[in-house]
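First comes the structure, then the notes that go with it.
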Amino acid sequence: MTLVLEPLPEAGARVLAECGAPPRLVAHGRLVHDVAVRLLDWLGRHHPGLEVDTGAVRFGAAVHDIGKTVHPEELSAPGYRHERAGERLLLDRGTSPHLARFCATHGDWADADRALEDLLVSLADKVWKGARNEELELRVVRWIADTEGLPAWEVFAALDDALQELADGADRRLAEQARHPVTGSAGS
């Protein structure tokens, strides 16, 4: 059964198509984007006063791995070369540094200067496949707790439940991604 996913932001869908992203990469972007939208929805309901650039998170989640069009070997094997290559690809295409950065920051979220938006894209890129990363999750918790003056344990308890619910849907998302070929173009 095909999953019903949030549509990609127009700019994200366009850049994936223009760069010739293969079907598997487009599917991955859609799945991570869908999880990011669900995280943003959770934040909006539980922390409505928190300022988050939702458009940037949605774009970043959709295209964070676009550098794999430059390093296609990383579509089916581990690698990090796509991160900086993706940022460079987007910058060369006229994408603002504010948006292109997600290609580089999604895998390098531990850097102290990462904004909440960077952490959310990284978190969505973990949770979509059921992976939980305690250090990353605690950074998000601390960000929210410090910004809103809340006890960290309170933020953690609520976020942990939301992330577990998202992680529980990983098998369906992984199956959805796997049904798309690694090669070819998404339009074929």
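In what follows, every heavy atom counts, from backbone to side chain, and hydrogens, waters and symmetry copies are set aside. Here the structure is a predicted model, which means the values were calculated and not measured.
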Report task. Report the C-alpha distance between Leu90 and Cys103 in whole Å, list the side-chain angles of each, state the deciding distance to 0.1 Å, and finish with yes or no for side chain to side chain contact (heavy atoms under 4.5 Å, CB included). Result -> CA-CA 9 Å; Leu90 291 181; Cys103 295; 3.5 Å; yes
Report task. Start with the C-alpha gap between Glu73 and Arg81, add the side-chain angles, then the distance that decides, and say whether salt bridge (Lys or Arg N to Asp or Glu O under 4.0 Å) holds. Result -> CA-CA 10 Å; Glu73 69 281 2; Arg81 294 181 348 178; 2.8 Å; yes
Report task. Decide side chain to side chain contact (heavy atoms under 4.5 Å, CB included) for Val121 and Thr105; before the verdict, give the C-alpha distance in whole Å, the side-chain angles of both, and the deciding distance to 0.1 Å. Result -> CA-CA 9 Å; Val121 170; Thr105 63; over 6 Å; no
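Between atom CG of residue Asp160 and atom CD of residue Glu165 there is a gap of 12.0 Å, rounded to the nearest 0.5 Å. Glu176 CD to Arg179 CZ: the interatomic distance, rounded to the nearest 0.5 Å, is 4.0 Å. Atom CD of Glu83 is separated from atom CG of Asp108 by 7.0 Å, given to the nearest 0.5 angstrom.
Side-chain atoms of Pro72 and Leu75, non-hydrogen and from C-beta on, do get closer than 4.5 Å to each other. Put simply, the side chain of Glu117 reaches to within 4.5 Å of the side chain of Arg101, judged on heavy atoms. Residues Val35 and Leu123 form no side-chain contact, since every pair of their non-hydrogen atoms from C-beta on lies 4.5 Å or further apart. Counting only heavy atoms from C-beta outward, the side chains of Leu174 and Trp128 approach each other to under 4.5 Å. By the 4.5 Å heavy-atom criterion applied to side chains, Glu74 and Tyr80 are not counted as neighbours. Side-chain contact check for Thr54 versus Val37: every heavy-atom pair is 4.5 Å or farther apart.
Under the 3.5 Å distance criterion, the side-chain polar atoms of Asp118 are matched with a main-chain donor or acceptor of Ala115. Arg114 places no side-chain N or O within donor-acceptor distance of the main-chain N or O of Trp109, the cut-off being under 3.5 Å. Remark: side-chain polar atoms of Asp53 are paired, donor with acceptor, to backbone N or O of Ala56 under 3.5 angstrom. Between the side chain of His64 and the backbone N or O of Ala61, at least one donor-acceptor pair lies under 3.5 Å. Between the side chain of Thr95 and the main chain of Leu91, no donor-acceptor pair closer than 3.5 Å is present. Between the side chain of Thr69 and the backbone N or O of Ile66 there is at least one donor-acceptor pair closer than 3.5 Å.
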Got a list of side-chain donor-acceptor pairs under 3.5 Å for residues 150-159, not counting sequence neighbours?
none

Could you list the donor-acceptor pairs under 3.5 angstrom formed between side-chain atoms of residues 12-24 and any protein atom two or more places apart in sequence or on another chain?
unit_1	atom_1	unit_2	atom_2	d
Glu18	OE1	Arg93	NH2	2.1
Arg24	NE	Gln177	O	3.1
Arg24	NE	His180	O	2.7
Arg24	NH2	Ala178	O	3.3
Arg24	NH2	His180	O	2.9

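Shown here are the salt bridge (charged side-chain N to carboxylate O under 4.0 Å, His left out) partners of Asp161, two or more places apart in sequence or in another chain: there are none. Applying the salt bridge (charged side-chain N to carboxylate O under 4.0 Å, His left out) test to Arg139 and every residue at least two apart in sequence or in another chain returns nothing. Under the side chain to side chain donor-acceptor pair (under 3.5 Å) criterion, Asp34 pairs with Arg38, sequence neighbours left out. Asp41 is linked by a salt bridge (charged side-chain N to carboxylate O under 4.0 Å, His left out) to Arg45, counting only residues two or more places apart in sequence or in another chain.
Using cut-offs of 30° and 60° for the angle between ring planes, the His98 and Phe102 rings count as perpendicular. Between His106 and His82, the ring-plane angle classifies as tilted under the 30° and 60° cut-offs.
When only modelled atom types and interatomic distance are considered, His33 and Glu6 share no side-chain donor-acceptor pair under 3.5 Å. When only modelled atom types and interatomic distance are considered, Glu137 and Asn133 share no side-chain donor-acceptor pair under 3.5 Å.
If you chain together hydrophobic residues whose side chains sit under 4.5 Å apart, Leu25 and Phe59 never meet in one group.
Between Glu87 and Arg84, at least one side-chain nitrogen of the basic residue sits less than 4.0 Å from a carboxylate oxygen of the acidic one, meeting the salt-bridge criterion.
Between Gly49 and Glu148, the shortest heavy-atom distance links the atoms C-OE2, 3.8 Å. Between Ala62 and Leu8, the closest heavy-atom pair is CB-CD2, 3.5 Å. Here the closest non-hydrogen pair linking Gly130 and Ala170 is N-CB, 3.3 Å.
Checked options Leu31, Val26, Val32; the residue passing with His28 is Val32 (criterion: side-chain contact (heavy atoms from CB on, under 4.5 Å)).
The environment of CD in Gln164 is crowded: more than 12 heavy-atom neighbours from other residues, nucleotides or ligands sit within 6.0 Å.
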